[in-house]
Structure formats: C-alpha cells, structure tokens
Amino acid sequence: MTTELRQLRPDEWDDWYASVERVFGGTPEAPEERALWRGLGEPERSLTVRDGSDVVGTAGAFTFRLSLPGGAVVPAAGVTMVSVQPTHRRRGLLREMMRRQLADIRARREPLAVLTASEPAIYGRFGYGAATEAVSMTLDTLRLSVPALPGTDAVRLRLVDPETALPDCEKVYDQLVAGRPGMLARQPGWERLPLLDPEADRDGAGPLLCVLAEVAGEVRGYARYAVKAGWDGGGPDGTVVLRDIEALDPAVHAALWRYLFGIDLTSRVTVRNRPADDPLLHLVDDIRRCRVTVRESLFVRLVDVGGALAARAYAAPLDVVLEVADAGCPWNEGRWRLTGDGRGASCERTDDPADLALSVRELGSAYLGDFSLSALAAAGRVRELRPGALREASVAFGWHIKPWLPHGF
C-alpha cells in the first residue's frame with residue numbers, strides 16, 4: 001500500500017497517540033497523563049502518516065510563546081511526538097513530515113520552532129540547533145549547607161496542597177518568564193503539567209508536596225517535591241526528589257533550599273532540570289558535593305530568519321552581514337544584515353558582502369545566548385569572512401543570564 005500524509009482528525013487521536021507510545025518504548029502511560037496530553041494536544045497542528053488503516057508516522061506541534069534575550073516573548077511552535085514506526089524507516093517519511101510542518105509554521109507566522117530531542121543527532125539535519133543546557137544535581141545534604149542570607153529569617157514557609165497552591169505558584173512563575181530566555185509563557189492548561197504525579201511513575205517516592213515561601217503575606221517562591229524513604233545500616237537515608245523550585249529574590253531562594261536540605265530522615269536532594277547558572281551552585285560551600293551533570297535541552301530552529309533575529313535584543317551593538325544556508329527553508333537562504341543592541345534590532349535582506357557564513361542550525365544554537373558563535377567557529381561550523389566580525393557577533397549574541405527550558409513537552 002502507499003502511505004498518506006495528512007492532518008490528524010480529532011477522532012483519530014487515541015490510535016495516533018498509541019503509535020507514539022509504541023515507538024517510545026511501548027509502555028502505555030498512566031490514564032491521567034494520557035488525559036493531560038489529549039487535552040493539550042492540537043489535532044489541527046498534528047500530522048499523521050497512514051499505510052492503509054495503520055498509523056506509521058506522527059508529528060505534532062504546540063502553540064507556545066517563548067522568552068528571548070531582552071524580555072520579548074514571541075510565538076513559537078513546540079514540535080513534539082515525532083515518530084516513525086520501525087516497519088517504515090528509511091522511506092523519507094520523517095523528512096516529508098518535517099518539511100510539511102516547517103511550511104505550516106511559516107504560514108502561521110511563527111518565527112521559531114523548538115523541540116526537545118530523544119535522539120539529538122536526528123534534528124540537526126532539519127536545521128535545529130541545541131540552544132540551552134539543563135543541569136541535574138544530586139546534593140549531599142549531610143555535607144553541604146546553605147547559608148542564611150539577609151532577609152531569610154523574614155520568609156515564612158508553609159506546606160500547601162499542590163492543587164490549592166497552583167494559582168500562587170503560577171503567579172511566581174509568570175513573573176520570571178521575561179527575565180530568562182528559553183522559558184515558556186504557559187498557555188491555559190499547561191499549568192497542570194507540573195502537577196502530574198501518577199503513582200506508577202514515582203519510583204518509590206511519596207506523593208507530590210508543595211511548600212510556599214511568603215514575605216509579608218505575599219507568595220514569593222515555591223518548591224514542589226516528593227520524599228523517597230530509604231534506610232541503610234547506619235539509619236535513615238531518604239531522598240528529596242525535587243520537581244521544581246522558583247523564587248523572586250535571593251533570600252526566598254536560600255530559604256527554600258535550606259528547607260529542602262533540612263527535611264527529616266533524608267540525606268540528599270536530587271533534581272533533574274535546573275539552569276546552568278543556578279545560584280545554588282554559588283550558595284553551597286562545596287560544589288563537588290553537588291554531583292553536577294550538564295546536557296543539552298531545548299533545540300531551536302529559525303523558521304523566519306529575519307523576523308527571529310529582529311525579535312531579540314543583543315548584549316552589545318552589532319552590525320553584521322550573515323550568509324545563511326538553509327536547505328530546509330529556502331526562503332531563509334542568502335544574506336541578511338543584522339543591526340541591533342540592547343534596545344532591539346532589525347534584520348533585512350542585503351546584497352552587501354558577508355561577514356560571517358553559517359547555516360540556520362548554528363543560528364539556532366546561538367539564538368538564546370548560551371552557545372557562542374566563537375565556539376561554533378572553533379568547531380568549523382561558522383566561517384569568519386571579515387576579520388573581527390566573529391568576535392563582535394559572538395559578544396552581541398551572548399546574554400547575561402543563561403537560557404533555560406523549565407519543563408519538557
């Protein structure tokens with residue numbers, strides 16, 4: 001039979017999602033998790049490939065808003081649930097879906113596409129560049145301590161049911177989005193994702209808990225976590241499994257970490273996703289006891305080079321001509337003059353000689369200010385055509401705070 005690529009119909013979602021589950025390990029998700037993703041799913045933005053009655057390929061997108069250097073929050077397509085069944089590999093189905101999807105994103109006037117990758121090697125050839133990092137930590141709380149900062153004693157901590165605390169937590173989260181590139185301004189329904197807590201996925205930990213941090217009656221921070229009990233020959237050896245922690249000022253941040261470090265019958269805190277410049281790393285007295293690991297997180301793809309580069313601010317004045325290669329989105333090919341500073345930018349077509357040559361993938365990696373153009377040039381992925389242009393552009397594309405994606409999709 002011949003395959004057919006088309007938009008997903010709402011009544012096909014269950015079979016479509018089951019196909020995704022098979023590719024990603026075959027274990028059906030908990031009913032509450034499946035229900036959440038069904039509610040968040042956008043069939044009008046989802047593609048299905050069918051071979052007769054069988055779903056053999058999938059690709060979806062969420063309608064997001066992403067924060068950029070300078071505080072702008074712009075539309076972005078959150079690419080998700082991309083799969084091809086093993087029976088239909090190496091037939092060009094993935095390439096066909098990705099091209100169709102990029103054309104749709106352009107038609108919607110979204111300048112960016114973003115994704116998290118289960119296999120990063122796949123997406124570079126479609127123009128996606130690793131653009132943020134995530135830090136995982138296992139913190140030895142028996143040997144580490146967090147000092148009290150000025151104002152910490154004024155912070156009131158209160159255990160609250162996570163559901164009840166959700167509006168207060170979202171108010172804190174919303175205030176942080178514009179200040180850090182790479183964060184998602186949560187659309188309606190997405191506030192439920194941090195509360196997802198199927199018992200089957202707890203790995204022996206208890207239910208999700210939430211502590212609110214208040215100053216003068218105002219919620220200024222929160223932490224959501226669970227406790228995994230443990231015992232060894234010397235006594236209690238439990239683990240605090242931290243889901244997320246956010247704070248609006250250093251005193252609240254320190255107070256929350258001091259609380260987590262002091263939970264009874266535990267000797268460590270584990271957390272899987274924090275920014276690469278998390279201030280905790282500068283609070284503790286021995287970073288080696290934090291057992292830090294770093295990996296890439298968000299991948300960025302410029303669908304509209306001119307619109308995307310003009311949307312962000314730059315750390316230093318910049319006037320550079322970029323020669324951009326983009327086989328996947330040919331409308332991006334060619335030379336672009338980018339001028340900008342901390343207040344904003346413009347990016348227009350030009351016939352002037354190029355200063356730097358690179359592909360759209362490198363622009364994606366440098367876009368949020370984490371990976372430098374100079375580092376990419378040292379790897380042979382950016383070519384300097386005008387002496388001095390690489391240093392100027394690398395400084396300007398950087399940012400004073402690391403980009404970070406707070407949760408997957």
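Salt bridge Asp355/Arg386: present, at least one basic N to carboxylate O contact under 4.0 Å. Look at Asp249 and Arg220 and you find a salt bridge, because one of the NZ, NE, NH1 or NH2 atoms lies within 4.0 Å of a carboxylate O, short of that distance. No salt bridge links Arg288 with Asp286; every basic N to acidic carboxylate O contact stays at or beyond 4.0 Å. Glu246 and Lys171 are not joined by a salt bridge, as no carboxylate oxygen comes within less than 4.0 angstrom of a charged side-chain nitrogen. Electrostatic pairing of Arg158 and Asp168 does not count as a salt bridge here, judged by no charged N lying under 4.0 Å from a carboxylate O. Ionic pairing of Arg268 and Asp237 is present here: one or more N-O contacts between side-chain nitrogen and carboxylate oxygen are shorter than 4.0 angstrom. A salt bridge is absent between Glu4 and Arg50; no separation between the charged side-chain nitrogens and carboxylate oxygens falls under 4.0 Å. The existence of a salt bridge linking Arg272 and Asp244 is excluded, since no basic side-chain nitrogen approaches an acidic carboxylate oxygen closer than 4.0 Å. Contact check on Arg335 versus Glu323 returns a salt bridge, with a Lys/Arg side-chain nitrogen under 4.0 Å from an Asp/Glu carboxylate oxygen. By the 4.0 Å N-to-carboxylate-O rule, Glu163 lies close enough to Arg192 to be salt-bridged with it.
Residues passing the salt bridge (Lys or Arg N to Asp or Glu O under 4.0 Å) test with Asp14, sequence neighbours excluded: Arg34, Arg38.
With rounding to the nearest 0.5 angstrom, the CD atom of Gln101 is 13.0 Å from the CD atom of Glu96.
Using modelled atom types and a 3.5 Å distance limit, the side chains of Arg45 and Thr63 yield a donor-acceptor pair. Glu362 and Ser365 form no side-chain donor-acceptor contact under 3.5 Å, judged by distance and modelled atom types alone. A donor atom on one side chain and an acceptor atom on the other are not found under 3.5 Å apart for Asp51 and Thr3. Inspection of the Trp404 and Asp278 side chains reveals no N or O donor paired with an N or O acceptor under 3.5 Å.
Shown here for Val219 and Val172, the closest heavy-atom pair between the two residues is O-CG2, 3.8 Å. The two residues Arg100 and Arg6 have their closest heavy-atom pair at NH2-CA, 4.2 Å.
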Table please: side-chain donor-acceptor pairs of residues 23-31 below 3.5 Å, with sequence neighbours left out.
from, atom 1, to, atom 2, distance (Å)
Glu29, OE1, Tyr17, OH, 2.5
Glu29, OE2, Tyr17, OH, 3.1

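Counting heavy atoms of neighbouring residues, nucleotides and ligands inside a 6.0 Å radius, atom CZ of Arg90 does not exceed 12 of them. No more than 12 heavy atoms of other residues, nucleotides or ligands lie within 6.0 Å of CD in Glu348, so this atom counts as exposed by the packing criterion.
Counting only residues at least two apart or on different chains, no salt bridge (charged side-chain N to carboxylate O under 4.0 Å, His left out) pair has a member in residues 113-137.
Taking the six-membered ring for Trp, Phe409 and Trp190 have ring centres at least 6.0 Å apart.
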